[in-house]
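This one's a predicted model, so the numbers in the text were calculated from it and none came from an experiment. Labels below follow one simple rule: chain letters A, B, ... track the order of the sequence lines, proteins then strands, and each chain is numbered from 1.
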2 protein chains.
Amino acid sequence: MIKLTQHRQVILNLINESNHHWEAEELARALAERGYRIGIATVYRGLAALEAHGLISSFQLADRKRYERASKAHHDHLICTRCGRIEEFVNEDIEREQDLVAAQKGFSITGHQLVIFGICNRCIDKN
Amino acid sequence: MIKLTQHRQVILNLINESNHHWEAEELARALAERGYRIGIATVYRGLAALEAHGLISSFQLADRKRYERASKAHHDHLICTRCGRIEEFVNEDIEREQDLVAAQKGFSITGHQLVIFGICNRCIDKN
DNA sequence: TTATCAATGATAATGGCTATCATTCTGATG
DNA sequence: CATCAGAATGATAGCCATTATCATTGATAA
């Protein structure tokens with residue numbers, strides 16, 4: 001079904017190798033540094049294809065999308081607005097409450113997007 | 001402190017008059033329909049100024065910002081991905097859990113962004 | 001081998017939003 | 001009331017992430 005070309009395999013490997021939350025241009029730069037000549041449009045298309053097949057996942061942060069490993073467990077994100085550090089978290093209570101809210105409002109829930117903004121302890125310690 | 005010009009007053013009134021979640025271009029169109037000649041840049045600047053002074057509030061939905069009345073109580077949004085209807089909700093449990101998550105991760109929380117996606121009952125009934 | 005169809009790359013286009021800059025408005029002061 | 005400074009405005013160019021276009025390349029099946 002999915003055509004996992006060499007380019008896409010390289011993109012997938014890079015994402016799978018770390019816990020990083022990649023943005024498209026950043027990933028393109030990393031690929032270039034490693035000697036791969038992959039056009040920016042191909043990177044965007046590859047990311048979309050990989051995500052469409054569940055091999056990676058993404059979330060929207062401000063005006064741009066971030067791509068990460070597809071992990072089994074759903075999780076949300078916590079971002080430090082000072083240094084940009086992103087942490088992941090899982091909270092079953094929040095998940096359950098969201099289902100309740102949707103049910104109360106007569107919505108059939110299909111997904112959600114939760115990002116918590118804050119200042120991380122490293123940044124706080126610097127002051 | 002804030003210069004509440006006529007233009008900004010008109011923008012503010014329009015937003016205050018309804019529960020609508022306006023996007024900038026949509027609001028500009030509505031103003032034009034009502035006979036106001038307000039440049040698009042002025043609309044954007046006015047929205048930013050009104051928000052900066054707490055007279056309206058906003059949230060990011062996908063690639064664009066939505067503006068709404070500044071309500072006393074914090075709330076989040078539920079959006080129907082089929083018809084675009086937006087509902088608001090308040091859930092204290094979710095708020096509390098977010099504080100806990102941030103504390104656990106050593107973050108000093110400054111805000112969050114929660115949008116639940118789903119299909120609303122009106123759309124479901126149409127099938 | 002050939003036909004087919006997707007992937008690719010270069011680049012133009014899109015769309016929301018911001019910057020620029022000349023002009024206009026406002027309101028504080030004399 | 002006149003003047004002046006700083007802010008607001010409008011027209012429009014620019015920015016930037018992403019997508020569309022289209023000619024070319026590559027892979028797979030017959």
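- Using the six-membered ring where Trp is involved, B:His77 and B:Phe59 have ring planes that are parallel, under 30° apart on the 30 and 60° scheme.
- Straight-line distance from the CD1 atom of A:Ile11 to the P atom of C:dG9: 9 Å, rounded to whole Å.
- By the criterion of side-chain heavy atoms lying less than 4.5 angstrom apart, applied directly or through intervening Ile, Leu, Val, Met, Phe, Trp or Tyr residues, B:Phe107 is not grouped with A:Ile119; the two fall into different hydrophobic clusters.
- At least one side-chain nitrogen or oxygen of B:Tyr44 sits closer than 4.0 Å to the OP1 or OP2 atom of C:dC17.
- The nearest whole Å value for the distance from the CD atom in B:Gln60 to the P atom in D:dA17 is 14 Å.
- In this structure, B:His7 does not reach the D:dA8 phosphate: none of its side-chain N or O atoms is under 4.0 Å from OP1 or OP2.
- For D:dG10, one of the phosphate oxygens OP1 or OP2 lies less than 4.0 angstrom from a side-chain nitrogen or oxygen of B:Thr42.
- In terms of position on DNA chain D, the residue among B:Ile40 and B:Gln6 whose nearest nucleotide sits closer to the 5' end is B:Gln6.
- Put simply, CG on B:Leu4 is 18 Å from P on C:dC25, counting in whole angstrom units.
- Counting to the nearest Å, the C1' atom of D:dA8 and the CD atom of B:Gln9 are 15 Å from each other.
- In this structure, the nucleotide among D:dT12, D:dA8, D:dT18 sitting nearest to the side chain of B:Arg8 is D:dA8.
- Looking at heavy-atom distances under 4.0 Å, A:Arg37 makes contact with sugar-phosphate atoms alone, never a base.
- At whole-Å resolution of the value, CD in B:Glu26 and P in C:dG16 are 12 Å apart.
- We find that OH of A:Tyr36 is positioned 20 Å from P of C:dA7, with the value rounded to whole Å.
- The distance between atom CZ of A:Arg64 and atom P of D:dT18, rounded to the nearest whole Å, is 7 Å.
- Comparing D:dG10, C:dT8, C:dC17 against the side chain of B:Lys65 picks out C:dC17 as the nearest.
- Salt-bridge annotation for B:Glu51 and B:Lys65: present, with a side-chain N of the basic residue lying under 4.0 Å from a carboxylate O of the acidic one.
- Within 4.0 Å of B:Glu23, counting heavy atoms only, lies no atom of the nucleic acid at all.
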How far apart are the C-alpha atoms of A:Leu14 and A:Arg34, what are their side-chain angles, what is the distance that settles it, and do they pass the side-chain contact (heavy atoms from CB on, under 4.5 Å) test? CA-CA 10 Å; A:Leu14 193 50; A:Arg34 286 162 176 72; 3.7 Å; yes
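- Distances were taken from every side-chain heavy atom of A:Ala41 (C-beta onward) to each of D:dA17, D:dT12, D:dA20; the shortest belongs to D:dA20.
- Across every non-hydrogen atom of A:Ala102 and A:Ile109, the tightest pair is CB-CB, 3.9 Å.
- Comparing B:Thr5 and B:Arg45 by the nucleotide of DNA chain C whose heavy atom lies nearest to each, the residue mapping closer to the 5' end is B:Arg45.
- The distance between atom CZ of B:Arg66 and atom C1' of C:dC17, rounded to the nearest whole Å, is 16 Å.
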